[in-house]
Amino acid sequence: EIKFLFKGYARRLQIFPLFEDFDRVHNGHVTSNQFLRVLNDLGLLTSLVGFEKDNLLEKYRVRVGGRDDIDYITFCHELNTLAGFEAGIP
């Protein structure tokens, strides 16, 4: 996660809207594949080795309607907190 912090902080990424594009029902969750796609599109996925990716998915995994999804709201909030961003401020 620290790798994300440095890249995100340096580039001042606004990743929340990218996850929202996949969240059609606005419940704060996306599939694992959608989560990884956003990270890949931002160039952040390549900085993770296999077990780091698995650990990241496991940390934010939630059970929704009999399926495992990823809680991107918590992920974005924790990333912004680590980066020292104020809520709602780019």
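It should be emphasised that the depicted structure is a prediction, and the values quoted were computed from it without experimental measurement.
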Exercise. Can you tell me how far OG of Ser32 sits from CD1 of Ile70, rounded to the nearest 0.5 angstrom?
Worked result: 3.5 Å
Exercise. Got more than 12 heavy atoms from elsewhere within 6.0 Å of CZ, Arg61?
Worked result: yes
For this session: For a side-chain contact (heavy atoms from CB on, under 4.5 Å) with Asp71, tell me which candidate from Val62, Asn27, Val30 qualifies.
Result: Val62
Problem set entry | 4.5 Å side-chain heavy-atom contact, Leu39 and Phe75 | yes
Exercise. Would you say the side-chain atoms of Arg63 pair up with the backbone N or O of Gly66, donor to acceptor, closer than 3.5 Å?
Worked result: yes
For this session: Mind checking side-chain contact (heavy atoms from CB on, under 4.5 Å) for Thr31 and listing every partner two or more places apart, or none if nothing turns up?
Result: Asn33, Gln34, Arg67, Asp69
Exercise. Parallel, tilted or perpendicular: which describes the rings of Phe35 and Tyr60, with under 30° parallel and over 60° perpendicular?
Worked result: tilted
Exercise. How about Phe22 and Tyr72: are their ring centroids closer than 6.0 Å?
Worked result: no
Problem set entry | Heavy-atom side-chain proximity of Leu56 to Leu48 below 4.5 angstrom | yes
For this session: Kindly compute the distance separating CD (Glu52) from CG (Leu45), expressed to the nearest 0.5 Å.
Result: 10.5 Å
Seminar exercise, completed: Residues Gly28 and Ile73: closest non-hydrogen pair is CA-CD1, 3.4 Å
Problem set entry | CG-NZ distance between Leu36 and Lys53, expressed to the nearest 0.5 angstrom | 5.5 Å
Exercise. Can you check side-chain contact (heavy atoms from CB on, under 4.5 Å) on Leu18 and Leu42, steps first, answer last?
Worked result: CA-CA 10 Å; Leu18 301 173; Leu42 293 168; 3.5 Å; yes
